[in-house]
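What follows is one structure encoded as structure tokens, with my remarks underneath.
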Amino acid sequence: MDLVNGNGDHQINHPLLKEKDDQEINRDLWIESKKLWQIAGPAIFSRVSASTMNIITQAYAGHLGEAELAAICIANNVIVGFNFGLLLGMASALETLCGQAFGAKRHHMLGIYMQRSWIILFLFCFLLLPFVFATPILKWLGQPDDVAELSGVVAVWMIPLHFSFEVQFSLQIFLQSQLKTRVIAWVSLVGLVVNASRSWLFVSVLDFGVIGAAVVLDISWWVLVFGLYGYAAFGGCPLTWTGFSLQAFSGL
């Protein structure tokens, strides 16, 4: 049926044509949804894996006692967690830089930007180190002396975890800008398996206590670092990673 709108133009309004339009819309939504989940799905899995590693560590610490559980939670979620949020926020600036460089086909600049990010975040890691030695602050805030002192000890053992953030965050954004999220997901799975198996070994079998739980978390995060870097540096990103360059020190 032909209808005339207010402008005098003819419009076709037919049930079969409307059904065809609906089918095209549904097909387009399905295609776009698949594209979205191909990128977002692995990214979600990697985030969930990182959170699960923290949960596993805290669960094993909970079997050791209330003071150990409180210490690992304060050290991981409060002290190191503060540094985590600040460094992740700073590293997020790399998303814009790498995205623009990749879209402009200046592929070699992705590696340069990542190296600049490493340099800046590495310096800020040192500036944030005083927050790790937090025993006096925790006592001042009213924490029991045993929990405050044990939290400070655990936080010191988590310094390697603290320094892994600056490398891992930059690598993750570097790969995400190239749509290589599946690699991040597979490496996260390996880190999760390492965390679960080594937590059982260090805490339940070798009886290393809460320090063993903290060391396992350090190892798990550095597995992510070496896994992502190994992929990027050894053939996974031939256009965007051309090796270390002095150009990274210019324009900081």
**Message:** Determine whether Phe45 and Leu189 satisfy the following criterion, side chain to side chain contact (heavy atoms under 4.5 Å, CB included), listing intermediate values before the conclusion.
**Reply:** CA-CA 8 Å; Phe45 177 80; Leu189 177 61; 4.0 Å; yes
**Message:** I'd like to know whether Met109 forms a side chain to side chain contact (heavy atoms under 4.5 Å, CB included) with Gln247, so could you lay out the CA-CA distance, the side-chain angles of the two residues, the decisive distance to 0.1 Å, and finally the verdict.
**Reply:** CA-CA 10 Å; Met109 286 303 300; Gln247 192 178 352; 3.9 Å; yes
**Request:** Could you give me the CA-CA distance, side-chain angles and deciding distance for Thr57 and Asn76, then say whether side chain to side chain contact (heavy atoms under 4.5 Å, CB included) is met?
**Result:** CA-CA 10 Å; Thr57 299; Asn76 189 31; 5.7 Å; no
**Asked** Step by step, would you call Gln143 with Glu149 a side chain to side chain contact (heavy atoms under 4.5 Å, CB included)?
**Response** CA-CA 9 Å; Gln143 290 293 331; Glu149 292 175 0; over 6 Å; no
**Asked** Between Ser117 and Ser170, does a side chain to side chain donor-acceptor pair (under 3.5 Å) hold up when you go through it step by step?
**Response** CA-CA 7 Å; Ser117 176; Ser170 300; 2.7 Å; yes
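The aromatic ring centroids of Phe163 and Phe126 lie less than 6.0 Å from each other. Between Phe174 and Tyr229, the ring center distance fails the sub-6.0 Å criterion. Between Trp221 and Phe165, the gap from one ring centroid to the other is short of 6.0 Å.
Within the 4.5 Å cutoff, the side chain of Ile44 has heavy atoms near those of the Trp37 side chain. Put simply, the side chain of Ile184 does not reach to within 4.5 Å of the side chain of Pro42, judged on heavy atoms. Two residues are said to be in side-chain contact when any heavy atoms from C-beta on lie closer than 4.5 Å; Lys35 and Ile31 meet this criterion. Contact of the Cys125 side chain with the His162 side chain is registered, since non-hydrogen atoms from C-beta on lie closer than 4.5 Å. Proximity of Cys237 to Tyr231: side-chain heavy atoms (C-beta onward) are separated by under 4.5 Å at one or more points. Residues Trp118 and Leu171 form a side-chain contact, since some pair of their non-hydrogen atoms from C-beta on lies under 4.5 Å apart. Side chains of Ile72 and Met158 form a contact here, defined as non-hydrogen atoms less than 4.5 Å apart. The shortest distance between side-chain heavy atoms of Val147 and Pro144 falls below 4.5 Å.
Panel note: side chain Ser199, backbone Ala196; no donor-acceptor pair is recorded below 3.5 Å. Looking only at distances, no side-chain donor or acceptor of His108 sits under 3.5 Å from a matching main-chain atom of Leu239. Remark: the backbone N or O of Trp30 is not paired with any side-chain donor or acceptor of Ser33 at under 3.5 angstrom. In this structure, Arg198 contributes its side chain and Ser220 its backbone to no donor-acceptor pair below 3.5 Å. With Trp157 contributing its side chain and Val215 its backbone, the two residues share no donor-acceptor pair below 3.5 Å. The backbone N or O of Leu246 lies less than 3.5 Å from no partner atom in the side chain of Ser250, so there is not a single donor-acceptor pair.
Hydrophobic clustering (ILVMFWY, side-chain heavy atoms < 4.5 Å, transitive): Val203 and Trp200 are in one cluster. Both Leu127 and Phe82 are part of a single hydrophobic cluster, where members link through side-chain heavy atoms under 4.5 Å apart. Trp222 is connected to Leu87 through a chain of hydrophobic side-chain contacts under 4.5 Å among Ile, Leu, Val, Met, Phe, Trp and Tyr, so both are in one cluster. Under the 4.5 Å side-chain heavy-atom criterion for grouping Ile, Leu, Val, Met, Phe, Trp and Tyr, Val187 is connected to Trp241 within one hydrophobic cluster. A continuous path of Ile, Leu, Val, Met, Phe, Trp and Tyr side chains, each step under 4.5 Å between heavy atoms, connects Val156 with Leu129, placing both in one hydrophobic cluster.
Contact between Leu150 and Ala67 at its shortest, heavy atoms only, is CD2-O, 3.9 Å. Of all the heavy atoms in Thr181 and Gln38, the pair that sits closest is OG1-O, 3.5 Å. The two residues Gln58 and Leu69 have their closest heavy-atom pair at O-CD1, 3.3 Å. A pairwise comparison of heavy atoms in Ala148 and Thr135 identifies O-OG1, 3.2 Å as the closest pair. Of all heavy-atom pairs spanning Cys98 and Leu110, the tightest one is O-CD1, 3.8 Å. Across Gly243 and Gln115, no two heavy atoms sit closer than the pair O-NE2, 3.2 Å.
Evaluated for a side chain to side chain contact (heavy atoms under 4.5 Å, CB included) with Met53, the options Val194, Leu192, Val223 yield exactly one hit, Leu192.
Thr240 and Gln178 are linked by a side-chain donor-acceptor pair at a separation below 3.5 angstrom, with hydrogens and angles left out of the test.
Around the CZ atom of Phe124, the shell of radius 6.0 Å holds no more than 12 heavy atoms that belong to other residues, nucleotides or ligands.
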